Amino acid sequence: VGQTHPGLDIRSARDLKVLKGLVFDSPAPRLYFTIRDIGPTEVSVLVTDENKRPRYRATVSSALPEPDSATVDRYTDLPPLTGGTPVTCYHDGTLFHGPSMQGLRAVLAEDGDRLILSAQLPMRDWGGGHCGTDRYLPLTADVVAHGAALRSYMTVGIPALPTGCVTTEL
């Protein structure tokens, strides 16, 4: 987006969808980005591979989303950020990510309305610094999707792809 819309300082994303992620144990496919204007502060981004298969989709914006009281209230009673139940999703076949992309560590709380996880990224400079920006790292976004897939697994017994995130701040 920075190359096609210089000066559009991306601060948030909505309707982020992982349609078909990338596997890094084989050569990664060539990716193509289609960027379309939606308004003065946002654009849609569609990432496809060489076969025109959609991989990722999102709407990104230079504006932050308006906070709502339900979201703000969710941050007032967080559990301790240590301990919890260790996740096994990378070792039991729920998620297939290799060691460099295994970020989830433990389930800190789960009450039916929300899932609170601890995460620690194995490597910060993933991709040699060529992936992401000062506000966005693909590995961080991927770990958010891991949490959604784990939530699906805990709820219905299967991890879900495609996975999406309604809104996030960058």
Side-chain angles (χ1 to χ4, degrees), residues 1-66 68 71 87 89-105 115 117 119-170:
V1 173
Q3 292 176 357
T4 61
H5 292 73
L8 186 63
D9 185 24
I10 301 302
R11 301 298 308 267
S12 64
R14 65 180 168 84
D15 302 326
L16 173 64
K17 291 182 174 62
V18 178
L19 303 167
K20 173 67 177 154
L22 298 175
V23 177
F24 290 96
D25 60 359
S26 60
R30 182 177 206 97
L31 298 176
Y32 300 89
F33 293 75
T34 302
I35 300 170
R36 293 199 167 95
D37 291 327
I38 294 176
T41 63
E42 64 181 8
V43 297
S44 69
V45 180
L46 174 65
V47 181
T48 56
D49 62 23
E50 64 270 2
N51 296 317
K52 299 185 180 177
R53 182 177 184 175
R55 296 294 189 128
Y56 304 93
R57 178 181 300 142
T59 299
V60 296
S61 175
S62 60
L64 290 173
E66 292 292 324
D68 63 24
T71 302
V87 299
C89 57
Y90 300 113
H91 307 290
D92 65 11
T94 303
L95 296 174
F96 55 87
H97 300 78
S100 69
M101 298 184 80
Q102 295 177 4
L104 299 182
R105 297 291 178 241
L115 174 65
L117 302 163
Q120 181 176 355
L121 302 175
M123 55 177 40
R124 173 135 173 82
D125 192 23
W126 184 76
H130 300 290
C131 297
T133 68
D134 61 339
R135 282 199 195 102
Y136 173 78
L137 295 170
L139 185 53
T140 305
D142 201 52
V143 169
V144 170
H146 296 189
L150 179 60
R151 173 62 160 207
S152 170
Y153 181 76
M154 293 170 69
T155 304
V156 297
I158 55 172
L161 278 178
T163 296
C165 179
V166 174
T167 307
T168 188
E169 292 180 24
L170 305 175

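None of these values were measured; they are calculated from a predicted model.
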Spacing of Leu150 atom CG and Leu117 atom CG [to the nearest 0.5 Å]: 6.0 Å
Working to the nearest 0.5 Å, report the span between CG of Asp15 and NZ of Lys17. 5.0 Å
Ser12 to Ala63 - nearest heavy-atom pair and separation: OG-O, 2.5 Å
The ring pair (Phe, Tyr, Trp, His ring centres under 6.0 Å) partners of Tyr56 (sequence neighbours excluded) come to none
Using residues 40-49 as the side-chain source, report each donor-acceptor pair under 3.5 Å to any protein atom, sequence neighbours left out, with the distance given to one decimal.
from, atom 1, to, atom 2, distance (Å)
Glu42, OE1, Arg14, NH2, 3.3
Glu42, OE2, Arg14, NH2, 3.0
Asp49, OD1, Asn51, N, 2.9
Asp49, OD1, Lys52, N, 3.2
Asp49, OD1, Arg53, N, 2.9
Asp49, OD2, Arg55, NE, 3.1
Asp49, OD2, Arg55, NH2, 3.2

Residues that Thr155 engages under side chain to side chain contact (heavy atoms under 4.5 Å, CB included), provided they are two or more places apart: Arg151
Taking every non-hydrogen atom, the tightest pair across Gly147 and Leu104: N-CD1, 3.9 Å
Heavy-atom closest contact (Tyr32 atom, Glu50 atom, distance): CE1-CA, 3.7 Å
Report yes if the side chains of His5 and Asp37 come closer than 4.5 Å at any heavy-atom pair, otherwise no. yes
